[in-house]
Every structure is written in structure tokens, then in C-alpha cells.
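Data first, discussion second: the structure below is written as C-alpha cells.
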Amino acid sequence: NFLDVAGGKGNVDGTISRGDVDAAKAAIADGSYVGRMLDTAANGGGWFNKGPDGTAGKADLDAALNDPGVPRAVKDAIRLAREGQPNAEPEFLGKLTEEQAQAASALVQSKEYQALTPEQKAIAGQAFRDAKGDAAFSRDIANLVGSPAFQSANDALKTDRLREVALLHSPEFKSLPAADQQRVRDALAARKPGDDRFAGALSGLVKSQSFQKLSADEKTAVLSQIRNYPDARVAENFGKLLDKGWYSNMSLQDKQRTLKAIAYMTAYSGGDRAVLDNTLNKLLDPSQDYSIKWDPSVPSGTAHSNPGTHVVSMSPADVGANNQPVNVGSLEKWQIINAVPHEINHAIDDVHVSSTYGYLDKEYQAYYTGFKAENGRPMTRAEAVAQWRGLLDPKGAYGGAATGALANPQEAQKIYDELSRLTGVPVDAKNYQQIMNDPSLWKPPYDATRGPDIGVPSGAEPQGNTDNH
């Protein structure tokens, strides 16, 4: 059939002209004969026998697989293109070159490829289709599956490595600017050796509609933080973040701050993962309506929730609008890893400022939660007393609420009872300042020169939500 219409004129009719012969010789010489042969493989009824049309349809491909005269390399390329989709009709096969067929065949015939699981072969097949039969893709996959590192890996890691090669040959990756492509490569190279989900998560992000519709600068911001924090969980959380309306409506600068915050909270290894993951869930879960607002009116070193809403206001002065990692020696770390969980804790309980023990105890609860998020442990007794000392400071941030609460005998007694539970000694209006400031009076006493204090005594911990569930 190929020879019958090699000249590109007429239908398959059993007549071969000199022009057909000359055209066939040229196609064989330049390697394009493979695709043209597939294009005319079917010789039954229907439109397939009307001559080449640039498309190798299902009938063409089925006929080629059953034709003993079709080279094995061509059949192997068809099989690879159909991995995971047995009835696939990839249009590129109608223009398949000899080089592409030979590269695909070398892969398919290798014992390493044949040892792959059906899922892994399906990944290779989809990537082969996405790459439109690119010979470089087939060679890269062959090199990967034949490598000692791949052969010694477990199935999950092998699958993710296949997804990596598939990503690097995908049209979505190739459409990125060279600098962003390098950010992807850097992230893949920097991931933890045992992370068997990173390439898949990153591929899912890059190929998502939410990512594809971003501006060039926004894509760079996303990929920069992926490079800074190469973790599958970061890529997965970014996928959720991009679908959040409150994020989409931000300026580029605030998106940079938010990406930095989400990435750092996700990858941070020094804190309490339950608190951090619950905080992230509140911000990212599709069913939740919590959000971050970078409010210029919020002074540096502070943050606040907004009663009656699930919006937490953070200070943009403390978190840089850039694509760099978090500066752990600055307020960036505190604002992200401590203040965000603190304010989300308030938003969960819808805390309203008041001159009551109840309000001050909610502040204690939120500080306790933020402390755990940052430090990975609960406060000690001394740290909890220090927090109450700050809450009750008449010149401090909570001075107005504290002064009002202490002026109310009933509210004041609740505060003294709390301090008694913490310190183990009776506390009243006359001695509360002395007790808070002299740990040698506590039971048991505390000597800071001998190391950390005991934990918060039973009954003196915050009684509310301290993990942001």
C-alpha cells in the first residue's frame, strides 16, 4: 500500500508508477517511510484505502501489527504508543521516522523495560504519546530503566523516576522559559533520596490548568519555592493553593509571600506536624474558607485575626515579596511558622477581645499552639508563666484587657487560680506579681541554671484547641 501511493497521488489500486518508486526510495532514504507506511497499512474497505492522509488510524495500526512485512521496530513503536491505552490512535505515528521507531524498539525490547509493572509501562506510553514519539525520550527512558540506581530502587521510587523523565519531555515543561526549566531540574536534583512522590506531584502541578493559566512571573514564583523546598507535599499543597480564590485575587507580591509561607510550613521539620498540617488544612482544603491577608496596616512583629471571619491578617513588612527561601534569622520565620498557626487558632474559636479571663486564656491557648508549631513541643512551666506575665503586663499588647480583667474580682480570681495551677502555690492580688517573677517560690522550685523547667502541670494547660483541628 505504501509503495502503491508513495507518490502521493491516487488511491490504493495495485498500480505502482515510476513516480511511486522514486518517492518510496526518497522516503526510505530520509526515514519518513515508517510513518507513511503506517498511514497506508489498512487495505480493507472504508476511507483508509483512499491513500495517505497523514494519520495512522486504528485500522492502519491493527493492520501493521498483523503484517509480517512491517519491521519489528515499527510494531514496537505502535505497542509503546498504545501502552495503557490499547485502542489509542496517536496522530504522530502517521509521521513516525525510522530513528523514532528504532529508539522505541530498543526500549521495548530491553529486558529492563519488559520487567516494568503495567502501571509503569502506562506512564512510559503516555509520555511517549505526549512527546510525539521523540527518539530522545525513548533513549532517556531506556537509559533510566537500565541504570543500577533504578534497578535497585523499590517500585514506588521507580514509578516516580519514570514520571520525572515524562515531565522533562512533556509539552508543558518544554513551554517553560529556560530559567524555569532549570528551576524544575534543580528541584528534582535536590529532593530527598527517598521521596517517591515528588516528580509525580510536581508533574501534576505543572500540567494542571491552574498552573498553566498563571502569568509568567507567577509561574516563576511557584517554581522558585518548589526549588527552595523540593518536597512532594509542597507541590501538592501548591496545587490546592492555586485553586483558592483568596490566593488568586492577591497581587504578585502577596502571592510570593503566601507561596513562601505555605512552602515553609509544609516542609518545616522542627515543629509540631499536627499543628502545622491542621493549619495548612484550614487554609487549603476546598471545604474550608480560612485565608491569609497581607495587611500593610498590621505593624511589624504582630498579626491578628478578624472576629466574625476566618481571615487572618499578617504583616507584609516581615515577609519579603520575593522568590527566596525564608530568612530563618529574621521575623519571616516567626511570622510564618508561629504567628499564622496562632491566628488560625483564634479564627477557629472566633475570639473577640474583652476584659475577661476567658479572652486572656484564649490568648494563652493561641500562644501555646504557635509555640508548639515552631518548637515541636509544648511549653514548659516557666515558659507558660512567662507568657502569662506578658499577658498581664499593663504596658504590654494586652494591657487594656488585663487591667480590666484584674479590676473585676470574679475575673481576677480566675486568673489567680490559673497562676496557682501553674506554679503550685496559692496566688492572690497581693502576691501574683511576686510569684510570677520568682520561680524559687514555686512548688517545685525552678532554677534556670540547672536546665529546662518541668512541663506545664496537669490542669494548667490550655483547655481548648491547641492543635488547630
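R129 has no carboxylate O lying under 4.0 Å from a charged side-chain N of E83, or vice versa, which leaves the two without a salt bridge. For the pair E91 and K132, the salt-bridge criterion is not met [side-chain N within less than 4.0 Å of a carboxylate O]. Look at R185 and E164 and you find no salt bridge, because none of the NZ, NE, NH1 or NH2 atoms lies under 4.0 Å from a carboxylate O. A salt bridge links R183 and D180; the closest N-O separation between the charged side-chain nitrogens and carboxylate oxygens is under 4.0 Å. A salt bridge is absent between R163 and D160: the closest approach of a Lys/Arg side-chain nitrogen to an acidic carboxylate oxygen does not fall below 4.0 angstrom. Between D231 and R233 there is a salt bridge, with a side-chain nitrogen of the basic residue lying less than 4.0 Å from a carboxylate oxygen of the acidic one. With respect to the salt-bridge test (charged N to carboxylate O, under 4.0 angstrom), the residues K362 and D349 qualify. Salt-bridge formation is detected for the pair E99/R139: a Lys NZ or Arg NE/NH1/NH2 atom is positioned less than 4.0 Å from an Asp or Glu carboxylate oxygen. Electrostatic pairing of D254 and R257 counts as a salt bridge here, judged by a charged N lying under 4.0 Å from a carboxylate O.
A donor-acceptor pair is defined here as one N or O able to donate and one able to accept, closer than 3.5 Å; such a pair exists between the side chain of N306 and the backbone of V311. No side-chain donor-acceptor contact under 3.5 Å links S203 to the backbone of A199. Within the 3.5 Å criterion, the main-chain N or O of R381 finds no donor-acceptor partner in the side chain of E383. At distances below 3.5 Å, not a single donor-acceptor pair connects side-chain atoms of D272 with backbone N or O atoms of K372. A distance-only check finds a donor-acceptor pair linking the side chain of Q100 to the backbone of T97 [under 3.5 Å]. Using modelled atom types, no side-chain atom of E374 and backbone atom of F371 make a donor-acceptor pair closer than 3.5 Å. With hydrogens and angles ignored, the 3.5 Å screen pairs a side-chain donor or acceptor of E343 with a backbone N or O of S305. Counting only distance, with no hydrogens or angles, the side chain of D195 and the backbone of R191 share no donor-acceptor pair below 3.5 Å. Under the 3.5 Å distance criterion, the side-chain polar atoms of E332 are matched with a main-chain donor or acceptor of N327. A donor-acceptor distance shorter than 3.5 angstrom exists from the side chain of N431 to the backbone of D428, with no hydrogens or angles considered.
A donor atom on one side chain and an acceptor atom on the other are not found under 3.5 Å apart for N408 and S355. For the 3.5 Å distance criterion, the side chains of N465 and Q365 fail to qualify, holding no donor opposite an acceptor. Looking at D76 and Q109, their side chains do bring a donor and an acceptor atom within 3.5 Å of each other. H346 and E363 form a side-chain donor-acceptor contact under 3.5 Å, judged by distance and modelled atom types alone. Side-chain polar atoms of S215 and D217 form no donor-acceptor pair below 3.5 angstrom. Under 3.5 Å, the side chains of N228 and Q324 contain no donor-acceptor pair of N or O atoms. Side-chain contact of D130 with H169: a donor-acceptor pair under 3.5 Å is absent, judged by distance alone.
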Criterion side-chain hydrogen bond (donor to acceptor under 3.5 Å, both in side chains) on S210 and S208, from CA distance to verdict:
CA-CA 5 Å; S210 299; S208 70; 4.9 Å; no
Could you go through the side-chain hydrogen bond (donor to acceptor under 3.5 Å, both in side chains) check for Q120 and T159 one step at a time?
CA-CA 6 Å; Q120 292 164 351; T159 298; 3.2 Å; yes
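For H352 and Y359, the ring centers sit 6.0 Å or farther from each other. Between Y416 and Y357, the ring centre distance reaches or exceeds 6.0 Å.
For the pair S300 and L331, the minimum side-chain heavy-atom distance is below 4.5 Å.
Using cut-offs of 30° and 60° on the angle between ring planes, the pair H342 and Y367 is perpendicular.
Cation-pi geometry between K333 and Y264 is not met: the NZ or CZ atom fails to fall both under 6.0 Å from the ring centre and inside 45° of the normal.
Atom NZ of K293 has 12 or fewer heavy atoms from other residues, nucleotides or ligands within 6.0 Å.
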